[in-house]
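Working notes, structure below.
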Amino acid sequence: MELSCGVGGSAAAPPGPGPPPAAAAVPPVPPMEGEEYESLPSGASLGTHMVAGAVAGIMEHTVMYPVDSVKTRMQSLQPDPKAQYRSVYEALKKIVLTEGFWRPLRGINVTMLGAGPAHAMYFACYEKMKKSLSDTFQHGGNSHLANGIAGSVATLLHDAVMNPAEVVKQRMQMFNSPYKSVLACIRTVQKTEGFGAFYRSYTTQLTMNVPFQAIHFITYEFMQEQINPHREYNPRSHIVSGAIAGAVAAAATTPLDVCKTLLNTQENMALSSVNISGHLTGMVNAFKTVYQLGGVSGYFRGVQARVIYQMPSTAIAWSVYEFFKYFLTKHKLEKRAS
């Protein structure tokens, strides 16, 4: 499906008097075969992929950041009595009234710094791998296996950049956080726990995000096949597909997210209650500790906030990214036609 950008052959001009010209007329530029907006223009640089991804990532993480703050607190396994919430709305209202209007945005600056480069590499890697693998598996057709593999590999790059930002962000979000600023948090963690603390949850984050992104991309591409089979630029279809993909992936991977939050925040009250001294490390230990503290239901703490956060976040990310793809492709087609 090509974009309707006025690209195509124009009618031949009637012959003028006299002998025919010696040189043949330059043929009109044909439409780019198979050049759909669904993939960025073939001549687009890696930088173009990365800029589109960076903008989408920053938008995704900042617009819904207050809900992310609530999710972090609701995943606390032994919260302070003053930080116990029954719903996302109640939590936001209570935080604003008791801790200040800007408190739900605490740590947003480090998230923006991490999200830009993380998503730049994430989307660039996904697009390149998706195209290469689809050509291999289905000779240019849409392959769910290719989408899943591409999303999983892209996650390795994304999390390598984003994990330290996640550690700082979640420590800033916690109730009664002892850190006065992002820089103070980074310095304190580095001094007291070492550089490894910024990657303590990396394996857990990968274990969560690889299946999350595989489910996310497969669901998104499946929904696009159902509601946008011609792969035209349709903002509504991108928003709906992104929201559903985000909700399904978020709900399925909540247990791993709870473990990741525990490894990132190192809740002192929770760890001391099960006689854990020092720092909790490792995904297996995190799983055991969550079960000790909360049973099976402990793995689903904050699931409501996680789904509410993820649905609009992924919808925003996909709609912004798809817009960039459409705009850039349309611009190139028009340029070639002129």
Spell out, yes or no, whether Val153 and Leu133 are grouped together once hydrophobic residues are joined by side-chain heavy atoms under 4.5 Å, including indirect joins. yes

Between the CG atom in Asn163 and the OG1 atom in Thr204, the distance rounded to the nearest 0.5 Å is 9.0 Å

Starting at CD of Glu225, measure out to OG of Ser237 and round the result to the nearest 0.5 Å. 12.5 Å

Residues Cys259 and Val290: closest non-hydrogen pair is SG-CG2, 4.0 Å

Would you mind reporting whether Asn228 and Met223 have side-chain heavy atoms less than 4.5 Å apart? no

Is there a chain of hydrophobic side chains (I, L, V, M, F, W, Y, each step under 4.5 Å between heavy atoms) that links Tyr202 to Leu256? no

For a 4.5 angstrom cut-off between non-hydrogen side-chain atoms, does Lys288 reach Met283? no

Linking I/L/V/M/F/W/Y whenever any side-chain heavy atoms sit under 4.5 Å apart, do Leu280 and Tyr299 land together? yes

Answer yes when Arg200 and Glu193 have at least one side-chain N-carboxylate O distance shorter than 4.0 Å, and no when they do not. yes

Atom of Ala197, atom of Val167 and distance for their closest heavy-atom approach: O-CG2, 3.9 Å

With rounding to the nearest 0.5 Å, note down the distance linking CE in Met74 to OG in Ser87. 7.0 Å

Audit row: Gln173, Val70, side chain to side chain contact (heavy atoms under 4.5 Å, CB included) steps and yes/no: CA-CA 8 Å; Gln173 289 173 332; Val70 170; over 6 Å; no

Ser241 to Ile227 - nearest heavy-atom pair and separation: OG-CD1, 3.5 Å

Which side chain to side chain donor-acceptor pair (under 3.5 Å) pairs, counting each pair once, include a residue from residues 207-218, with sequence neighbours left out? Tyr122-Gln213, Asp159-Asn209, Gln213-His216, His216-Trp318

Flag side-chain contact, heavy atom, 4.5 Å: Met121 against Val161: yes

Taking the side chain as everything from C-beta on, heavy atoms only, tell me whether Ile149 gets closer than 4.5 Å to Phe137. yes

Quick check: closest heavy atoms across Pro211 and Leu206, and the distance to 0.1 Å? CD-O, 4.0 Å

Can you confirm whether Met129 is buried at CE, in the sense that more than 12 heavy atoms of other residues, nucleotides or ligands lie under 6.0 Å from that atom? yes

What closest approach, in Å, do Tyr65 and Thr111 show between heavy atoms, and which atom pair accounts for it? CE1-OG1, 3.4 Å

Ser132 OG to Glu127 CD distance, which is reported to the nearest 0.5 Å: 11.0 Å

Linked, directly or transitively: Leu183 and Val168 (ILVMFWY side chains, under 4.5 Å): no

Can you spot which of Tyr233, Tyr321, Tyr220 makes a side chain to side chain donor-acceptor pair (under 3.5 Å) with His238? Tyr220

Main-chain N/O of Ala245 paired to Thr219 side chain as donor or acceptor, under 3.5 Å: no

Where do Arg306 and Thr253 land on the side chain to side chain donor-acceptor pair (under 3.5 Å) test, with the steps shown first? CA-CA 10 Å; Arg306 180 164 161 77; Thr253 57; 2.7 Å; yes

Asn285 side chain to Thr289 main-chain N or O, any donor-acceptor pair under 3.5 Å? no

Atom OH of residue position Tyr199 - does it have more than 12 heavy atoms of other residues, nucleotides or ligands inside 6.0 Å? yes

Evaluate the side chain to side chain contact (heavy atoms under 4.5 Å, CB included) criterion for residues Asp68 and Met64: first the C-alpha distance (whole Å), next the side-chain angles of each, then the deciding distance (0.1 Å), finally the verdict. CA-CA 7 Å; Asp68 185 55; Met64 295 302 296; over 6 Å; no

State whether the side chain of Asn147 and the backbone N or O of Ala214 hold a donor-acceptor pair below 3.5 Å, judged by distance alone. no

Positive for salt bridge (charged side-chain N to carboxylate O under 4.0 Å, His left out) with Glu99, one of Lys93, Lys82, Arg106, Arg73: Arg73

Under 4.5 Å between side-chain heavy atoms, hopping through other hydrophobics if needed: is there a path connecting Phe175 to Trp102? no

Can you find a pair of side-chain heavy atoms, one from Lys260 and one from Gln170, that are under 4.5 Å apart? yes

For Met174, is there any backbone N or O sitting under 3.5 Å from a side-chain donor or acceptor partner on Ser177? no

If we ignore hydrogens and angles and just use 3.5 Å, is the side chain of Gln266 paired with the main-chain N or O of Leu263 as donor and acceptor? yes

When rounded to the nearest 0.5 angstrom, what is the spacing between CZ in Arg86 and CD in Gln304? 12.0 Å

Just do the salt bridge (Lys or Arg N to Asp or Glu O under 4.0 Å) check on Glu267 and Arg171 with the steps written out, would you? CA-CA 10 Å; Glu267 288 182 69; Arg171 294 195 182 207; over 6 Å; no

Tell me, with the steps shown, if Ile95 and Tyr85 meet side chain to side chain contact (heavy atoms under 4.5 Å, CB included). CA-CA 10 Å; Ile95 291 170; Tyr85 317 107; 3.8 Å; yes

Check the pair Val182 / Met172 against side chain to side chain contact (heavy atoms under 4.5 Å, CB included), numbers first and verdict last. CA-CA 7 Å; Val182 166; Met172 298 290 289; 4.3 Å; yes

Do Ser201 and Glu166 pass the side chain to side chain donor-acceptor pair (under 3.5 Å) test, and can you show the C-alpha distance, the side-chain angles, and the key distance before you say yes or no? CA-CA 9 Å; Ser201 66; Glu166 280 282 318; over 6 Å; no

Are any side-chain N or O atoms of Arg301 and backbone N or O atoms of Ser76, one a donor and one an acceptor, separated by less than 3.5 Å? yes

Identify the two heavy atoms, one from Leu105 and one from Pro66, that lie closest to each other, and give their separation to 0.1 Å. CD2-CG, 3.8 Å

Atom NE2 of His61 and atom CD1 of Ile108: how far apart are they, to the nearest 0.5 Å? 11.0 Å

